[in-house]
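The chains referred to below are lettered A, B, ... by the order of the sequence lines, with proteins before strands, and numbering in each begins at 1. Because the structure is predicted, anything quoted here is derived from the model rather than measured.
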Amino acid sequence: MKILRKERGGHMLDSKLIRNNPESVKKGLKVRQGDSSLVDKFLAVDEEWRKVTIEVEELQAKRNKVSDEIAEMKKNKQDASRIITQMKEVSARIKELTDKQKESETAAQKIALEMPNLPHLSVPEGMDSRDNREVRTHGKKPSFKFQPKAHDELGRNLGILNFEQAAKISGARFVVYHGLGAQLERALINFMLDLHTKEHGYQEVMTPVLVNAKSMTGTGQLPKFEEDLFATRDDNFYLIPTAEVSVTNLHADEILEGEKLPVKYACYSPCFRREAGSYGKDVKGIIRQHQFNKVELVKFVQPDKSYDELEKLTKDAESVLQKLGLAYRVVELSTGDLGFSSAKTYDIEVWFPSENQYREISSCSNFESFQARRAGIRFRSNPKAKPEFIHTLNGSGLAVGRTFAAILENFQLEDGSVEIPKVLQPYLGGQKKLEA
RNA sequence: GGAGAGGUGUCCGAGUGGUUGAAGGAGCACGCCUGGAAAGCGUGUAUACCGCAAGGUAUCGAGAGUUCGAAUCUCUCCCUCUCCGCCA
């Protein structure tokens, strides 16, 4: 029976919301280019579930009552065999109905887990990324008196990036960092973690990068996006595509104390993505790799604060770019471009001179209670209050490889050397420049 | 990998087939007591689902089974701990 409870809790959207406001849920799904027919499918199965459940519970109530009577009779040495025979039938019927109940339960869950989150009302409506809205820009784009080179060319020439070796030992979409390159990557990780832990109040964690299917379901990667994930062959593990998965699930099936909120974590981890369906896209350089490093920020907050916290989270991520001196802009994703689990997302895009365009380097999202419902993360606003679903947020702070690439491109000199941003120099033994 | 032990409510901990949602204790909350506090005494202290409600149902690691009835019996799995082996 426990599984029933768990599965009910496993819905992404509140099943009561779907039941009571099917039209607004449909609208929400439509506006983000989702499949609104899922609502009617869910409702049909849910109705069946409720019908069976009511009957099951009535019979169970009867069984419980008669069982007590049988116990009483036996105690008084009375013959109970007639009732026992009757109850055999009742039990058989319960079994039958329970199977049916489980069936509709599973079906309802399957549908519900496929439903994406509903967008927040402030999110601009749109079909796709072309309808995203620029919120602000920051920093001055560098101007060059020469043709700026792409980061992969710079990295190769400096001897700090080696794609051939990576292809040899692994395959396409991998890279090997050498010497100061490896050190720069490490410096960036340390710089970001120090900034977020010392100045922004995040608690540092380091988690497993291999997680189970339950965790992947909790944050929304499963069941729908299995093809994007790497999995281990002989054990039931998935490699995390982002530390969001392991960090958010840190508090799965927990009830947090309201006074301790917000809980904020910063986590460095390697991330693994199959990039299925992105063949031919960003094949050059380190922009799109199967494995990359990222410092992730994750927050658990009270629902009424989550949108303020999203603004703060985005600014925390932005401050990394500000300190590094990289030009960027913040973009608000339209309903059509929103990630599966997100209610609202800001992308931070850093300037890439060789491409003459901004590219995503961070994605900051408010998931509201979507992940909390799937993962069972709740809080009590005070010790006596009823538990409520918490709101979860996360954002890259930042994608390290892309930051590495942006530094090479933005701070390159005509001779192919690269100036190291001041804030990173202490992390590199005072080194001021990358030179061949 | 081998051998063994164990998984019960916020925590500790009883419970081996019948009013056990679950003894007892701790903690916490409220009340009494007190000049105030401690002690002491009393009361309360899970979650989810269905239902307008009354109420009902479920939950003692997970799943399956035996039974009229399972926290208690059987099987499978997961996890934790101890010892041995191996090892960064």
Side-chain angles (χ1 to χ4, degrees), chain A residues 1-20 42-43 45-109 112 206 208-218 232 234-238 246 249-260 270 369 372-390:
Chain A
M1 284 311 115
K2 188 151 194 181
I3 203 181
L4 294 180
R5 199 195 77 210
K6 276 197 175 158
E7 287 173 352
R8 300 302 288 179
H11 294 168
M12 41 178 19
L13 297 176
D14 187 353
S15 41
K16 279 182 194 154
L17 177 72
I18 307 175
R19 236 176 253 152
N20 300 335
F42 174 84
L43 256 23
V45 183
D46 181 64
E47 180 55 37
E48 173 66 18
W49 175 83
R50 269 195 300 173
K51 225 180 76 194
V52 177
T53 297
I54 287 168
E55 201 181 339
V56 166
E57 292 189 356
E58 275 169 5
L59 288 175
Q60 284 172 329
K62 182 175 179 187
R63 181 177 70 185
N64 289 344
K65 199 170 143 249
V66 176
S67 285
D68 288 347
E69 287 170 20
I70 291 171
E72 189 64 23
M73 288 173 82
K74 290 216 164 178
K75 218 164 84 186
N76 299 333
K77 308 256 192 249
Q78 292 173 276
D79 177 30
S81 58
R82 233 189 70 224
I83 315 188
I84 288 176
T85 312
Q86 274 174 26
M87 289 317 286
K88 266 186 197 187
E89 273 172 55
V90 173
S91 278
R93 178 73 179 143
I94 288 175
K95 173 90 176 64
E96 205 175 295
L97 287 171
T98 304
D99 289 346
K100 224 161 138 192
Q101 183 189 31
K102 230 169 283 175
E103 227 170 84
S104 19
E105 182 58 53
T106 307
Q109 184 202 28
M206 200 176 276
V209 299
L210 255 38
V211 302
N212 56 31
K214 183 172 181 280
S215 296
M216 285 292 186
T217 308
T232 57
D234 295 327
D235 308 278
N236 294 319
F237 292 124
Y238 291 91
S246 43
N249 281 288
L250 244 30
H251 295 298
D253 299 317
E254 286 185 15
I255 301 174
L256 304 180
E257 292 173 42
E259 305 89 86
K260 297 203 174 143
S369 61
R373 280 175 205 286
R374 297 168 75 107
I377 312 170
R378 292 173 297 169
F379 79 102
R380 254 187 258 272
S381 51
N382 67 69
K384 291 201 151 179
K386 259 189 149 352
E388 299 170 55
F389 286 111
I390 213 164

For A:K260, salt bridge (Lys or Arg N to Asp or Glu O under 4.0 Å) partners two or more places apart
A:E257
According to salt bridge (Lys or Arg N to Asp or Glu O under 4.0 Å), who are the partners of A:R93, at least two apart in sequence or on a separate chain?
A:E55, A:E96
Provide, to the nearest angstrom, the distance between the CG atom belonging to A:N212 and the P atom belonging to B:rC77.
19 Å
Nucleotide of B:rA58, B:rU57, B:rG18 approaching A:R63 most closely (side-chain heavy atoms)
B:rA58
Nearest-Å distance once atom C1' is located in both B:rA5 and B:rG61:
16 Å
Partner set under side-chain hydrogen bond (donor to acceptor under 3.5 Å, both in side chains) for A:S81, not counting sequence neighbours
A:D79
Candidate nucleotides B:rC49, B:rA48, B:rG69, ranked by approach to the side chain of A:P387 - the nearest:
B:rA48
Round to the nearest Å and state the distance from A:L59 atom CG to B:rA58 atom C1'.
15 Å
Would you compute the distance between atom NZ of A:K74 and atom CD1 of A:I84 and round it to the nearest 0.5 angstrom?
4.5 Å
Whole-Å C1' distance, B:rC60 and B:rA14:
12 Å
With rounding to whole Å, what would you report as the distance between B:rA29 and B:rA37 at their P atoms?
14 Å
What does A:K62 touch in the nucleic acid at a heavy-atom separation under 4.0 angstrom: a base, only the sugar-phosphate, or nothing?
nothing
Taking atom P in both B:rU72 and B:rG63, compute the distance separating them and give it to the nearest angstrom.
13 Å
Salt bridge (Lys or Arg N to Asp or Glu O under 4.0 Å) partners for A:E254, two or more places apart
none
Test side-chain contact (heavy atoms from CB on, under 4.5 Å) applied to A:L250 - qualifying residues, sequence neighbours left out:
A:V205, A:T207, A:V247, A:Y265
Suppose we screen for side-chain hydrogen bond (donor to acceptor under 3.5 Å, both in side chains). Which residues come up paired with A:E47, at least two apart in sequence or across chains?
A:R50
Atom-to-atom span, CZ of A:R374 to P of B:rA48 - whole angstrom
20 Å
Given B:rG55, is OP1 or OP2 found less than 4.0 Å from the side-chain N or O atoms of A:K65?
no
Using whole Å, what does the distance between atom P of nucleotide B:rU67 and atom CD of A:Q86 come to?
18 Å
Quick one, which residues of residues 87-96 of chain A touch RNA chain B with a heavy atom under 4.0 Å?
A:M87, A:K88, A:S91, A:K95
Can you tell me the distance, in whole Å, between the CD1 atom of A:I255 and the P atom of B:rA48?
7 Å
Test A:E48 against A:E103 for side-chain contact (heavy atoms from CB on, under 4.5 Å), laying out the working first.
CA-CA 10 Å; A:E48 173 66 18; A:E103 227 170 84; over 6 Å; no
Hey, does A:V211 have a side-chain heavy atom less than 4.5 Å from the side chain of A:N249?
no
Across all chains, not counting sequence neighbours, the side-chain hydrogen bond (donor to acceptor under 3.5 Å, both in side chains) partners of A:K95 are A:D99
Looking for any heavy atom pair under 4.0 Å, which part of the strands does A:K51 touch: base, sugar-phosphate only, or nothing?
nothing
Qualifying residue, where the test is side chain to side chain contact (heavy atoms under 4.5 Å, CB included) with A:W49 and the options are A:V45, A:V52, A:T53:
A:T53
Report each atom pair, protein N/O against N/O of nucleotides 51-54 of chain B, whose distance is under 3.5 angstrom.
unit_1, atom_1, unit_2, atom_2, d
B:rG51, OP1, A:R50, NH1, 2.8

Nucleotide B:rA46, atom C1' - distance to CD of A:E254 in whole Å
16 Å
What's the gap between B:rC11 and B:rA23 when it is taken at their P atoms, as a whole Å value?
15 Å
Atom C1', compared across B:rG27 and B:rG36: separation rounded to whole Å
24 Å
Does B:rU57 have OP1 or OP2 under 4.0 Å away from a side-chain N or O of A:N64?
yes
Would you kindly give the CD-to-P distance between A:E388 and B:rA48, to the nearest whole Å?
11 Å
For A:N64, the side-chain hydrogen bond (donor to acceptor under 3.5 Å, both in side chains) test, sequence neighbours excluded, returns none
May I ask you to check whether over 12 heavy atoms, not counting those of A:N236, lie within 6.0 Å of atom CG?
no
Looking at the side chain of A:R378, which of B:rC50, B:rU47, B:rG69 is the nearest nucleotide?
B:rU47
Quick check on RNA chain B: between A:I84 and A:E58, whose nearest nucleotide comes earlier from the 5' end?
A:E58
Euclidean distance for C1', B:rU76 against B:rG21 (whole angstrom):
28 Å
Would the distance check show the side chain of A:N20 and the main-chain N or O of A:K16 forming a donor-acceptor pair, the cut-off being under 3.5 Å?
yes
What interatomic distance, in whole Å, is found between C1' of B:rC28 and the corresponding atom of B:rU80?
28 Å
Send over the distance from A:K102 NZ to B:rA58 P, rounded to a whole Å.
13 Å
A:Q78 side, atom CD; A:E69 side, atom CD - distance, nearest 0.5 Å:
11.0 Å
Minimum heavy-atom separation for A:M87 to A:R63, with atom names?
CE-CA, 3.5 Å
When the nearest nucleotide of RNA chain B is assigned to A:T53 and to A:R380 on a heavy-atom basis, which residue is associated with the more 5' position?
A:R380
Give one of base, sugar-phosphate or nothing for A:R82, where a contact means two heavy atoms less than 4.0 Å apart.
nothing
Looking at B:rA58, B:rG56, B:rC49, which one has an atom nearest to any side-chain atom of A:Q60?
B:rA58
Bracket string, RNA chain B, 5' to 3' - pairs by Watson-Crick or G-U geometry under 3.5 Å, | interstrand
((((((((.[[[..)..(.....]]]((((((.......))))))(((((....))))).[[[[[..)....]]]]])))))))....
Sub-4.0 Å heavy-atom contacts from residues 68-79 of chain A onto RNA chain B, ordered by number
A:I70, A:A71, A:K74
